[in-house]
Q: 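Here it is: the structure, laid out below.
Both counts, for ligands and for their atoms, begin at 1 and track the order of listing.
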Amino acid sequence: MTEAMPAAASTQPTFAEPAEGAVEHAEAADAVRSRGPEEFRARRERFMASIGEGVAVLAAAPELVKSRDTDIPFRQNSDFFYLTGFLEPGAVAVLTPHDGAHRFTLFVRPRDPERETWNGRRAGVEGAMQAYGADAAYPIEELDSRLKALLEPADALWYALRADGGEMDRRMLALLTGFRAPRPRAGKGPWDLRDPGQLLDRMRLIKEPGELALMREAAELAARGHIAVMRAGRPGVGEWELQALLDQTFRSYSATSGTSFPAIVGSAANATVLHYVTNDRRIEEGDLVLVDAGADVGFYCSDITRTFPASGRFSAPQRAVYDIVLRALEAGIEAVRPGAPANAMHLAARRVLVEGMITLGLLEGDPEKLIEEEKFKRFFMHNTSHWLGLDVHDPGSYTARDGEPIVLQPGMVLTIEPGLYIPEHGDDIPAELRGIGIRLEDDVLVTEDGHEILTRAVPVDPDDVERICSEARS
Ligand code: GLY
Ligand code: MN
Ligand code: MN
């Protein structure tokens, strides 16, 4: 980052109209609250079937302070949400499959008219049972006095360390330790601490139809945001203004929609900074603008990157680099099919990029050797794919315990995101290529017979991109 804060904008981007379809989605896409407890109950049952004699304890996300008495907007822990649908902080779920009548207990913040007047409604103990299907519910203050009895019959405690930031860890470790001394006589109490991620990560990898419906919406919404910024992103506009346009487009879609992560808007050489989020430079004539932004609908994420010419046309060197990244994207997507190893996309995209680096004069030599010696990492230093779902970087192993990549299955959703990042400085780099950064990213569903790209409502073909950029100027 080199630019200081510039003078006032001469050209403002036009703020987006309410996103197309926003009105009819306003209620339905308040998707979390409109989903019944059944989908969550079904998941809990599947999860409980796998933990046998164990007990699972899941904590809501912690509330995080922004400054003094102001919080960062609360976002529920994804695993906790996945199994409960419960959106409030200050909650703990206990799953006890051995107890026929009480398999799902929720500890929640109790109703409190005064606190609710200040900070919003709570489901309370009654709501936890009626709206969220808990078999039993108690005020969170009773957690310590009740947890021991809930854990006692279990052989293992399934609990994710650090899920709430630490406070629950101390409680759970104290309970586990407390079972040690009396266990020989009492014969009760869990021996093992096991990470629920071992089971949940695998469940979350395969998306259910309801989850896919939300992911499709999130993908389409992100595509709209990208088209809006292609139209608005011209010389004189600040990167931050494009970020604001993305935020506005995503947030205005429904009561619970928003951005899935802080948008990256990198113009010129800022595009070569992988996690650039400062977004404080004003776009100049001839710049490329890399925009990596995703929407979140009903807690499900999308993640798209496009790179477009601020002046409406790619220069010849920009286009040459773009074409290579696009070919790498297509090669990566082509590799997505059931049964393919989870690194196939990276290997395919990387091969195209390395050959492109040779064509561009960035590297010399045999592609195999350049890959073996990792020379390509100067220009392409990240992986090509990650899982996508409730989290932008959704959990789940890419590699099995034997070190081999896992195999793709229908229902998995992943990104394909090759890029070329050419440093601004370097005597050995062709001058016309210095400072060019291009990434292209699509979200792809593994289907029964191949794949489906979820994000092509925003074009990636360079002629189409130029057309959208130029349309806005005519
Ligand atoms: N936006 C983060 C990523 O592309 O992985
Ligand atoms: Mn991204
Ligand atoms: Mn990504």
Q: Looking only at N, O or S atoms in H386, which is nearest to the Mn ion (ligand 3)?
A: NE2
Q: Considering heavy atoms of the protein only, find what lies nearest to atom 4 (O) of ligand 1 and give residue, atom and distance to 0.1 Å.
A: E417 OE1, 3.0 Å
Q: With the threshold set at under 4.0 angstrom, would you say V392 reaches ligand 1 through any of its heavy atoms?
A: no
Q: Please list, in number order, the atoms of ligand 1 under 4.0 Å from a heavy atom of E441.
A: 4 (O)
Q: Could you tell me whether any N, O or S atom belonging to H393 is less than 2.8 Å from the Mn ion (ligand 3)?
A: no
Q: Indicate yes or no: at least one non-hydrogen side-chain atom of P196 is less than 4.5 angstrom from one of F47.
A: yes
Q: Without hydrogens or angle criteria, can the side chains of D442 and T455 be said to hold a donor-acceptor pair below 3.5 Å?
A: yes
Q: Do R251 and S254 get their side chains close enough for a donor-acceptor pair, meaning under 3.5 Å?
A: no
Q: For the Mn ion (ligand 3), find the closest N/O/S atom on E417 and give its atom name.
A: OE2
Q: Assess the side chains of E452 and T447: does a donor N or O sit below 3.5 Å from an acceptor N or O?
A: no
Q: Assess, by modelled atom type and distance only, whether the side chains of T249 and R224 contain a donor and an acceptor separated by less than 3.5 Å.
A: no
Q: Determine whether Y421 and R439 satisfy the following criterion, side-chain hydrogen bond (donor to acceptor under 3.5 Å, both in side chains), listing intermediate values before the conclusion.
A: CA-CA 8 Å; Y421 313 95; R439 177 165 64 254; 2.9 Å; yes
Q: Angle between ring planes, Y322 versus F314, binned at 30° and 60°: parallel, tilted or perpendicular?
A: tilted
Q: Which protein heavy atom lies closest to atom 3 (C) of ligand 1, and at what distance to 0.1 Å?
A: D303 OD2, 3.4 Å
Q: Using side-chain contact (heavy atoms from CB on, under 4.5 Å) as the criterion, point out the one residue from E217, E220, Q248 that pairs with Y253.
A: E217
Q: For ligand 1, which atoms sit closer than 4.0 Å to a heavy atom of F261?
A: 1 (N)
Q: Tell me, which N, O or S atom in D303 is closest to the Mn ion (ligand 3)?
A: OD2
Q: Give yes or no for whether the N/O distance cutoff of 3.5 Å, strictly under, is met between R439 and ligand 1.
A: no
Q: Any idea which protein heavy atom is nearest atom 2 (C) of ligand 1, and the distance to it?
A: H393 NE2, 3.7 Å
Q: Polar-atom distance check: H275 versus ligand 1, any N or O pair below 3.5 Å?
A: no
Q: Relative to each other, are the rings of F380 and H382 parallel, tilted or perpendicular (30° and 60° limits)?
A: perpendicular
Q: Under 2.8 Å from the Mn ion (ligand 3), is there any N, O or S atom belonging to D292?
A: no
Q: With a cut-off of 2.8 Å, does E441 put an N/O/S atom close enough to the Mn ion (ligand 2)?
A: yes
